[in-house]
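Contents: one structure, followed by commentary.
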Amino acid sequence: MTSADLNNAESMLVLNNVASCDMKSDKYSPIILERLEKEPLDVKACAVKKLKKHLSCTPTKAKDLLVDLFPIIRWFPKYKWKKWILGDIMSGLVVGILIVPQSIAYSLLAGQDPVYGLYTSFFACIIYSLMGTSKHISVGIFGVLCLMIGQVVERELQFAGFDISDDINTTALSNQSANVCGRSCFAIRIGSTLTFMAGIYQVAMGIFQVGFISVYLSDSLLSGFATGASFTIITSQIKYILGIRIPRVNTPGSLVKTWVYIFKNIHETNICDLVTSILSLLFLVPIKEINECYKEKLKMPIPGELLVVIIATLISHFGQLNAKFNSTIAGDIPTGFIAPTSPDWSMIPRIAIDAIPIAIIGFAITVTLSEIFAKKHGYTVRANQEMFAIGACNVIPAFFHCFTSSAALAKSLVKESTSCKTQLSSLVTALVLLLVLLVIAPLFYSLQKCVLAVIIIVNLRGALRKFLELPKMWNMSKVDTVVWFITMLATALVSTELGLLIGVCFSVICVIARTQLPRTTVLGHLKGTEIYEDLRKYRNLQSLPGIKIFRFEAPLYYANKELFKVALYKQTGINPTLVVLARKKAEKKNIRELKPKQTAHSQAGVKPEVTLQLSYGYQEFDIHTIIIDCSVIQFLDTAGIATMKEVFKDYKVIGILVLLSNCNASVIDSLCNGNYFDNGYISGLLFYSVHDAVKFASNVHQKNGDHEANTPC
């Protein structure tokens with residue numbers, strides 16, 4: 001096939017004009033669709049143009065870049081003070097009241113002192129309000145990320161020689177590399193360095209525009225990951241609720257091993273901590289339920305966490321629970337800010353890999369929540385800018401003794417429900433946190449850690465409630481439900497990082513399996529229409545005499561080519577290879593039977609009248625045409641093209657015509673480039689619709705009962 005022939009084949013496609021649904025009376029009347037000619041691409045000119053666009057610098061471009069990087073410059077001058085200010089102030093105050101106890105509690109989960117959680121939330125609120133494109137999400141501490149950070153912190157503390165089962169700050173070291181500060185200081189050094197690397201990854205992904213990575217984290221995968229991590233979080237907080245000291249486990253299977261240690265040491269339970277935990281649960285859970293049930297009627301949610309913290313702190317302080325019952329408390333929370341320091345550069349080689357899943361999860365959660373609220377309220381967010389924003393929320397605070405932050409669903413929902421209009425509410429929340437850091441923080445000295453553990457566990461109710469949604473998810477998509485289960489179990493029983501990796505790999509395998517094991521159907525015709533659908537799914541469909549219509553619902557490529565042929569042979573009931581073999585056997589048998597007759601005639605001196613009946617053994621088929629509906633075949637690779645050509649030839653040998661219909665432009669180009677059509681002539685082999693192909697096959701069969709179609713090369 002010459003290049004000129006190929007160009008001709010690509011430039012026009014012969015299609016049938018459907019004038020009526022009556023296939024017996026209509027004649028085949030083709031029309032021609034002309035393909036648009038491709039303009040030649042000047043690679044050099046295109047490259048120069050793109051380089052000039054990206055490397056040139058003008059005052060206008062610099063201004064646009066600054067505005068894109070800091071969206072607050074765009075929306076703040078247009079701020080509607082009379083309409084929006086009250087809602088933003090109310091929202092900021094409510095979120096600030098909620099975020100204070102949660103910041104203190106989640107610091108415990110990340111293996112840090114409470115003040116560092118307040119720092120993290122404070123800086124995250126300010127930076128995201130300047131750089132974020134979402135109007136409603138609340139950026140700060142997120143439980144799953146705190147768990148992942150805490151696991152790395154514990155591992156590095158153990159490597160440095162600290163007693164990780166000891167929650168009290170100590171300077172006892174066996175490794176001289178960490179002898180510059182105590183346990184608390186070294187823990188935040190690990191956390192801030194890990195946060196810095198995660199932020200660098202996020203900014204780099206924004207620069208190189210590789211936000212597509214989050215596409216591989218489906219909703220079911222993220223939900224399963226969060227639920228699995230919730231079990232690990234709950235397990236890690238049981239020791240505070242019971243007031244026992246157990247060894248920390250950072251190896252795969254830590255959840256099961258931790259529960260073994262819990263039951264071994266349960267006799268050491270601190271009754272004071274246990275009673276306090278139960279009372280806190282009995283107080284906090286009903287408040288949470290009331291907030292959820294009456295969220296539309298309440299002007300603002302009841303600050304249950306804050307009330308619990310205040311009441312528990314007062315009881316612990318005046319009841320001297322630490323001195324009398326040895327109950328563990330939060331300890332000293334300093335006021336003000338610590339002087340900024342740079343991350344520990346020597347630690348980066350050990351934690352660089354740990355920062356990758358933290359960066360991806362943080363970005364994926366932030367972008368997902370941003371898009372949900374943007375769609376709900378009718379505005380757009382820029383995913384790439386969200387990458388820069390959340391990266392900056394980690395890179396800059398890493399110098400101010402903070403750990404990783406991202407968007408958080410619970411606080412974002414509260415923020416939206418309290419009339420938030422812009423990210424000015426985040427600045428109000430930052431002012432609340434600043435007040436706590438400068439004045440109120442030392443008042444939480446006597447707060448019991450078991451109360452913080454209860455706050456963490458109660459806030460995991462949403463993730464655990466996903467089990468109630470499983471029947472609905474199963475009815476919607478069984479594959480997504482299996483992905484959810486696998487990710488949840490792997491995250492809970494193996495580890496958070498490996499659980500995420502296992503979930504991603506399993507999701508990819510499911511996608512591949514769907515293309516390798518696609519659905520195949522035989523289509524029937526709805527009388528009086530041009531509709532052809534699955535005979536097994538719909539009633540009142542008729543099989544057409546002499547015609548089989550086959551649909552393959554997946555791309556045709558090297559991984560499923562054999563299944564394509566097997567399914568086609570099964571659905572049509574004719575395997576051309578076996579038919580050809582049967583005919584050859586029949587011919588050989590016919591020849592063997594004629595040989596004795598020839599010998600007898602020659603011995604008698606009679607000239608034999610030999611007629612080889614090659615038709616012996618040939619069977620008549622009840623179909624004369626197979627139509628392959630390619631509407632769901634997105635693309636063909638070289639193996640897929642070869643398979644199509646093989647199928648055409650094999651069926652042609654036994655006298656059955658194969659026609660293609662509903663091919664998209666990509667499939668047509670692949671067939672033309674693969675020399676499927678003889679001499680570039682595709683009329684009579686390729687049709688715009690199934691109905692066109694049916695009419696063509698019926699008309700040709702009525703005229704001569706046979707059709708010599710073009711043979712693929």
Side-chain angles (χ1 to χ4, degrees), residues 14-30 520-552 564-580 582-583 586 615-631 644-663 676-677 682-712:
V14 177
L15 305 175
N16 187 29
N17 182 18
V18 181
S20 168
C21 299
D22 187 359
M23 294 177 292
K24 294 184 179 180
S25 61
D26 281 357
K27 294 183 178 180
Y28 177 69
S29 53
T520 59
T521 60
V522 173
L523 307 185
H525 178 233
L526 182 60
K527 189 175 181 180
T529 70
E530 298 177 10
I531 296 174
Y532 296 83
E533 268 303 337
D534 187 358
L535 283 167
R536 295 177 299 180
K537 293 291 184 181
Y538 300 97
R539 297 177 181 177
N540 303 320
L541 297 179
Q542 299 176 350
S543 297
L544 299 175
I547 300 175
K548 285 282 187 180
I549 307 170
F550 174 75
R551 178 185 288 168
F552 187 76
F564 173 82
K565 291 193 293 185
V566 171
L568 178 61
Y569 299 159
K570 180 179 179 181
Q571 298 283 14
T572 59
I574 301 173
N575 186 333
T577 305
L578 298 180
V579 171
V580 170
R583 288 183 176 180
S615 61
Y616 177 80
Y618 281 45
Q619 64 183 97
E620 291 294 333
F621 302 110
D622 57 354
I623 63 173
H624 54 78
T625 305
I626 294 174
I627 300 172
I628 301 177
D629 179 11
C630 302
S631 58
M644 283 288 199
K645 293 166 69 175
E646 180 184 348
V647 166
F648 184 93
K649 288 180 179 179
D650 289 348
Y651 276 110
K652 181 175 173 58
V653 169
I654 63 173
I656 295 177
L657 176 63
V658 176
L659 305 178
L660 306 181
S661 68
N662 287 334
C663 297
Y676 182 85
F677 308 106
I682 62 179
S683 175
L685 292 179
L686 189 64
F687 298 86
Y688 182 65
S689 67
V690 173
H691 195 67
D692 291 338
V694 169
K695 289 180 63 181
F696 174 81
S698 299
N699 277 275
V700 170
H701 186 66
Q702 287 174 7
K703 286 180 180 179
N704 51 27
D706 191 17
H707 176 71
E708 288 295 330
N710 298 288
T711 306

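Just so you know, these numbers come straight off a predicted model, no measurement behind them. The residues of the chain are indexed from 1 along the displayed sequence.
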**Request:** Output all residues satisfying side chain to side chain donor-acceptor pair (under 3.5 Å) with T521, sequence neighbours left out; order by chain, then residue number.
**Result:** none
**Request:** Considering non-hydrogen atoms only, spot the tightest contact between I654 and I574 and give its length.
**Result:** CD1-CG2, 3.7 Å
**Message:** I need the minimum non-hydrogen distance between S661 and A693, along with the two atoms involved.
**Reply:** CB-CB, 4.5 Å
**Prompt:** With under 30° as parallel and over 60° as perpendicular, where do the rings of F564 and F552 fit, or are they tilted in between?
**Reply:** perpendicular
**Atom pair CG/CD1 of L544 and I623 - distance to nearest 0.5 Å** = 12.0 Å
**Set of salt bridge (Lys or Arg N to Asp or Glu O under 4.0 Å) partners for K565, sequence neighbours left out** = E562, E646
**Request:** Name all residues meeting the side-chain contact (heavy atoms from CB on, under 4.5 Å) criterion together with E533; count only those two or more places apart in sequence or in a different chain, and write none if there are none.
**Result:** I531, Y538, L541, R551
**Request:** Check Y569 against P576 and note the closest heavy-atom contact, atom names and distance.
**Result:** CE2-CD, 3.4 Å
**Message:** List the residues meeting side chain to side chain donor-acceptor pair (under 3.5 Å) with S631, not counting sequence neighbours, and say none if there are none.
**Reply:** D629
**Request:** Nearest 0.5 Å please: distance from the CG atom of D622 over to the OG1 atom of T572.
**Result:** 10.0 Å
**Fill in**
For K537, the side-chain contact (heavy atoms from CB on, under 4.5 Å) test, sequence neighbours excluded, returns R519, D534
**Request:** Report the distance from atom CG of N540 to atom CG of L526, rounding to the nearest 0.5 Å.
**Result:** 7.0 Å
**Prompt:** Closest approach of M644 and C630, non-hydrogen atoms and distance?
**Reply:** CE-SG, 4.1 Å
**Complete:** On a heavy-atom basis, the closest approach of V658 and V647 is CG2-O, 4.3 Å
**Fill in**
By side-chain contact (heavy atoms from CB on, under 4.5 Å), V653 pairs with (sequence neighbours left out) V580
**Request:** Check side-chain contact (heavy atoms from CB on, under 4.5 Å) between R539 and all other residues, then give those that pass, not counting sequence neighbours.
**Result:** none
**Fill in**
Closest non-hydrogen contact found for Q571 with K548 is O-NZ, 4.1 Å
**Request:** Starting at CG of L578, measure out to CZ of R583 and round the result to the nearest 0.5 Å.
**Result:** 12.5 Å
**Message:** If I take atom CG from residue L657 and atom CD1 from residue I627, how far apart are they, to the nearest 0.5 angstrom?
**Reply:** 8.5 Å
**Prompt:** With a 4.5 Å limit on heavy-atom distance, are the side chains of Y676 and L660 in contact?
**Reply:** yes
**Complete:** The reported gap from CG in L659 to CG in L685 (rounded to nearest 0.5 angstrom) is 7.0 Å
**Message:** Test of understanding: with ring pair (Phe, Tyr, Trp, His ring centres under 6.0 Å), list the residues that count as partners of Y651, not counting sequence neighbours.
**Reply:** none
